[in-house]
Amino acid sequence: MLGSSNAPREPDKMENVLATQLLELSQLIRKARQQWLRERPDVPIGTVSILKLIDEIGTAADGGCHAKDLAERSGLDPSTVSRAVAAAVGQGLVERRVDNADRRASTLALTPAGRDLLAAASAWFSALIGRALADWPAGDAERVSCDLGRLVAAFSAVLEETHTLEAAR
């Protein structure tokens, strides 16, 4: 029967081109992160990533999040997240609060300094992207943003599905 094979299909040419472009994009992102570090040697970009996740995940009634949620969402090992959080707490960017739902646990929340740093990092990256897109025709950036959002969602779903299958084994 045609098309009924369970064998994985071969990636088509466009998927190969896109995979190459994504690898190139990851290299550019790495270079941008290195530029950030040259300009802000006091704040590793990983710290900014942790701050962004704390801000996004902040689902607890007090606006905080749990370290286990950070590890799960970031895909990082809990010990790596623990070290990053400890560094952010030490820099005064994050504070630990008693979890109102479970007094034995703590939640993490951004301090005003953490919010300021997150805003500065967002402005820095936005300015960098703005310079890159300065000569693009109107509407192109919006189209790329929409398509990239769709790709991120699809890629995330595939990775989550793979993780779920591996965990079930």
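All residue numbers refer to positions in the sequence shown, counting from 1.
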Other residues, nucleotides, ligands: >12 heavy atoms within 6.0 Å of Glu39 CD: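 Above 12, so yes.
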Derivation of the side chain to side chain contact (heavy atoms under 4.5 Å, CB included) call for Val158 and Glu161: CA-CA 5 Å; Val158 167; Glu161 178 183 295; 5.6 Å; no
side-chain hydrogen bond (donor to acceptor under 3.5 Å, both in side chains) between Gln35 and Arg38, worked out: CA-CA 5 Å; Gln35 179 64 36; Arg38 283 192 293 275; 2.7 Å; yes
Point-to-point distance, once rounded to the nearest 0.5 Å, from [atom1] of [X] to [atom2] of [Y]:
| X | Y | atom1 | atom2 | value |
| --- | --- | --- | --- | --- |
| Ser49 | Leu70 | OG | CG | 11.0 Å |
| Ser82 | Leu76 | OG | CG | 12.0 Å |
| Asp116 | Leu51 | CG | CG | 11.0 Å |
| Ile57 | Lys52 | CD1 | NZ | 10.5 Å |
| Asp69 | Glu72 | CG | CD | 6.5 Å |
| Gln21 | Met14 | CD | CE | 7.0 Å |

Nearest non-hydrogen partners of [X] and [Y], listed with the distance:
| X | Y | result |
| --- | --- | --- |
| Ala113 | Gly92 | CB-O, 3.7 Å |
| Ala84 | Ile50 | CB-CG1, 3.8 Å |
| Ala71 | Pro78 | CB-CA, 4.0 Å |
| Arg33 | Gly46 | NH2-N, 4.2 Å |

Leu22 and Leu151: CA distance, side-chain angles, deciding distance, side chain to side chain contact (heavy atoms under 4.5 Å, CB included) verdict: CA-CA 11 Å; Leu22 289 173; Leu151 177 61; 4.1 Å; yes
Has [X] got a side-chain atom pairing as donor or acceptor with [Y]'s backbone, closer than 3.5 angstrom?
| X | Y | value |
| --- | --- | --- |
| Ser26 | Leu23 | yes |
| Gln91 | Asp42 | yes |
| Glu15 | Asp12 | yes |
| Ser145 | Ala141 | no |
| Thr107 | Cys65 | no |

Does some side-chain heavy atom of [Y] sit less than 4.5 Å from a side-chain heavy atom of [X]?
| X | Y | result |
| --- | --- | --- |
| Arg143 | Trp136 | no |
| Leu110 | Leu93 | no |
| Leu118 | Val48 | yes |
| Lys68 | Val81 | no |

Parallel, tilted or perpendicular, as decided by the 30° and 60° cut-offs, for the rings of Trp36 and Phe125: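 Plane angle under 30°, so parallel.
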Residue pair Arg40, Trp124: steps toward the side chain to side chain contact (heavy atoms under 4.5 Å, CB included) verdict: CA-CA 11 Å; Arg40 295 291 307 259; Trp124 186 88; over 6 Å; no
Hphob cluster co-occupancy, Val43 + Leu37, side-chain heavy atoms under 4.5 angstrom: no
Linked, directly or transitively: Phe155 and Leu148 (ILVMFWY side chains, under 4.5 Å): no
Intermediate values then yes/no, side chain to side chain contact (heavy atoms under 4.5 Å, CB included), Arg96 and Leu108: CA-CA 5 Å; Arg96 294 180 193 274; Leu108 305 167; 3.8 Å; yes
